[in-house]
Amino acid sequence: TTAAPGMDSTTSLAPAIPAPADSADSELEEAAHFLLLVGRLLLGDGADSEQVATTVDQLAAVLGFEARLVVTYETLMLTLIRGDRFRTKAGRHLPSLGVNMRAVEAIGQIVTDLTAGRMTLQQAAEQLAAVERGVRAYPPLLVVGGMAVTTACLARLFGGDTLSCVVALLAGGLGTALRLHLARRAANPFVVAFLTALVSGLVGALGLRFVTPATPDLCIIAPSMIIVPGVPLINGIWDCVRNHMSLGLARLSAAFLTTLAIATGLFCVTVATSVEVPVGSKLGLLPLPQDAAVAGVAAIGFALLFNVPPRLVWAAMLCGAVSHCLRTGVMMLGVALWPATLVGATGAGILALGLAWRFRVPPAAFAFPGVVAMVPGAFAFRAVIGSLRIVEAGADADPRLVGQTISLMFGCALTMGAIAIGLAVPLAFLPTLMQRGVPGKSR
C-alpha cells in the first residue's frame with residue numbers, strides 16, 4: 001500500500017491533507033513533515049546543501065525511515081520510505097536565503113537531543129517551531145552599529161585614510177539601517193541591494209562635500225562591501241564542488257545578480273555626483289599587527305549580522321584576524337592576491353574546524369565571519385562599473401579600460417574560488433575526530 005503524495009507548508013505539525021486513518025501512514029506523515037521543516041530551516045539559515053542532506057538522512061535513519069531528499073533553490077522535496085509504504089512531501093517556496101548561525105546551532109542541538117533519545121519527536125517539533133518563529137541574539141541598533149564599524153574597517157583594509165573611514169562609517173550605518181528595514185518588509189533582495197548601495201553611496205558622496213579624504217572613491221564603495229553576498233557565493237562554489245550543481249549554480253546566479261544590483265546602484269551614484277571610481281586600483285597592505293587588529297574588528301559586524309552566539313563572537317574575530325593577516329603576510333612575500341587568499345582561507349578553515357570541535361557548533365559560525373573581509377567585493381564593483389563604461393563607450397572604449405575590467409573579472413572569480421576551496425579542504429581532509437560532536441556536521 002502506498003500513500004498519496006501531498007503538499008506541505010512546513011509551518012506546523014498539522015498535515016496539509018486529511019490525516020490517513022492508518023497509524024503507519026500517520027507516522028510517515030508526521031516524520032516527513034518534521035524532516036522537511038528541519039531541512040528548510042537549515043537551508044534558509046545558511047547551511048550548505050550537503051549539511052542539509054546529511055542531517056535529514058541521519059534523522060530519518062534514527063526515526064526508522066529511508067529518506068530521499070531533493071534540494072533546490074526554490075524548495076525541498078522529501079520522500080520517506082519504510083517497507084512498502086512511502087510518503088512524498090514538497091515544502092513551500094523558500095524565501096531569500098539568509099544566514100543565522102544561532103538558529104543553525106539551535107537546530108543542531110535539537111537534532112543531537114533527538115538522536116540521543118533525550119527528546120521525543122513531538123518535543124523536537126515544538127522546539128523547531130520556536131526556532132522558526134525567530135532566534136535573534138542582537139537588537140537591530142547593535143547590528144547597525146557593528147556593521148558601521150565593519151565598514152570603516154574594510155575601508156582601512158583597502159587603503160583608506162582616516163577621513164575616508166569616518167565617512168564610510170556613517171554611510172555604512174545608514175545603509176545597514178535601510179537594509180534591515182527593507183528586509184523586515186520582505187522586499188525583493190535585488191531591490192534591497194540596489195537601494196542600499198544607492199543610498200549609502202549617496203551618503204558617502206555627500207560626506208565628500210564636507211571633508212576631502214585622500215581616497216574619496218572608498219567613501220562610496222566601502223559602504224557597499226558589507227552587502228556583498230559572500231555567503232551565497234561561498235556556498236554556491238561549495239555546492240558545485242560537491243556535485244550539487246543545480247543549487248550551486250542557482251546560488252551563484254543569485255549572488256551575481258545581487259552584485260550586479262549593487263554595482264548598478266554605485267554606478268548611478270557616480271553619474272549623479274560626478275565622483276570618479278577608478279577601475280584600476282591596487283590593494284594597499286597594512287603592517288601585519290595593524291592588519292590583524294583591523295580585520296579582527298571588521299568581523300564583529302558580520303558576527304552580529306550572522307547572529308553568531310554571543311559567547312562565540314570573539315572566536316569569529318580571531319578567525320577574521322588570523323586569516324586576513326595570513327593573506328597579507330603572504331602577499332608581502334610577492335605572491336599574487338588569489339593564491340594568498342587561498343592560504344588565508346585555509347587557515348580560517350582549520351581554525352574554524354578546531355573551534356567548532358571545541359565548542360560543539362557548526363564550523364560556519366566562525367568560517368563565514370572569518371573570511372568575509374577577504375571577499376573581493378570592491379574589485380567586483382569596479383569590474384561591473386568598468387563593464388558599464390565599456391557598454392556606454394561602445395567601439396570607442398579605451399583598450400586599457402577593457403583590459404583592466406577583464407583582469408578584475410578573472411581576479412574576482414579566482415579569489416572567490418580560493419576562499420571556497422580554502423575553507424572546504426580542511427573540512428574534507430582533516431581527521432574525522434575533529435568533527436566528532438559538531439551538531440549537524442558529518443562527512
Side-chain angles (χ1 to χ4, degrees), residues 6 8-16 19 23 26-65 67 69 71 75-78 80 82 87 89-92 94-95 97-139 303-304 306-313 356-357 359-366 368 435-442:
D8 179 53
S9 64
T10 68
T11 57
S12 69
L13 278 180
S23 61
S26 180
E27 187 178 358
L28 271 169
E29 169 70 21
E30 184 180 17
H33 183 95
F34 174 78
L35 293 174
L36 197 60
L37 183 55
V38 169
R40 175 177 171 271
L41 291 178
L42 280 174
L43 190 64
D45 288 326
D48 62 88
S49 56
E50 185 170 339
Q51 180 181 354
V52 173
T54 300
T55 302
V56 171
D57 286 345
Q58 289 178 340
L59 275 179
V62 168
L63 297 174
F65 298 98
L69 181 69
V71 182
T75 189
L76 291 86
M77 179 172 290
L78 173 69
L80 276 188
R82 176 186 282 172
R87 185 69 172 155
K89 298 179 74 67
R92 68 182 181 185
L94 283 166
L97 305 183
V99 183
N100 188 335
M101 288 294 106
R102 196 175 182 196
V104 173
E105 181 192 26
I107 296 169
Q109 187 60 51
I110 293 171
V111 170
T112 301
D113 290 343
L114 183 60
T115 302
R118 295 190 294 267
M119 185 181 292
T120 66
L121 183 60
Q122 182 63 37
Q123 291 171 332
E126 292 172 357
Q127 294 289 328
L128 210 59
V131 173
E132 186 181 21
R133 286 193 294 270
V135 179
R136 300 300 307 178
Y138 310 103
L304 299 178
F306 294 165
N307 208 23
V308 173
R311 73 183 191 282
L312 301 178
V313 171
W357 175 74
F359 294 106
R360 302 297 189 261
V361 296
F366 312 107
F368 288 153
Q435 299 188 48
R436 191 170 298 166
V438 178
K441 276 310 249 190
S442 176

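For clarity, every value in this text was computed on a predicted model and none was experimentally measured.
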> Does any non-hydrogen side-chain atom of L76 lie less than 4.5 Å from one of V56?
no
> Is any side-chain heavy atom of Q127 less than 4.5 Å from a side-chain heavy atom of Q109?
no
> Quick one: closest heavy-atom pair of A303 and V313, and the distance?
CB-CG1, 4.2 Å
> So, taking the atom named CZ in F34 and the one named CG in L80, what distance separates them when rounded to the nearest 0.5 Å?
11.5 Å
> Minimum heavy-atom separation for L63 to L121, with atom names?
CD1-CD1, 4.2 Å
> Where is the tightest heavy-atom contact between A103 and V131, given as atom of each residue plus distance?
CB-CG1, 4.0 Å
> Restricting to pairs with a member in residues 112-125, which pass salt bridge (Lys or Arg N to Asp or Glu O under 4.0 Å), not counting sequence neighbours?
D113-R118
> Rounded to the nearest 0.5 Å, what separation is found between the OG1 atom of T112 and the CD atom of E105?
10.0 Å
> Heavy atoms only: give me the nearest L36-A90 pair and the separation to one decimal.
CD2-C, 3.8 Å
> Which heavy atom of R87 sits nearest to which heavy atom of L28, and what is that distance?
CB-CB, 4.0 Å
> Give me the ring orientation class for F368 and F306: parallel if the planes are under 30° apart, tilted from 30 to 60°, perpendicular past 60°.
perpendicular
> What salt bridge (Lys or Arg N to Asp or Glu O under 4.0 Å) pairs are there with at least one residue in residues 51-62, not counting sequence neighbours?
none
> Looking at every non-hydrogen atom in both residues, tell me the closest pair between A53 and L69 and how far apart they are.
CA-CD2, 4.0 Å
> Just how far is it from atom CG of L37 to atom CG of L42, taken to the nearest 0.5 Å?
9.5 Å
> Does R82 use its side chain to pair, donor to acceptor, with the backbone of G64 at less than 3.5 Å?
yes
> Check whether any side-chain heavy atom of F65 sits under 4.5 Å from a side-chain heavy atom of L35, and report yes or no.
no
> Would the number of heavy atoms belonging to other residues, nucleotides or ligands and lying under 6.0 Å from CE of M119 be above 12?
yes
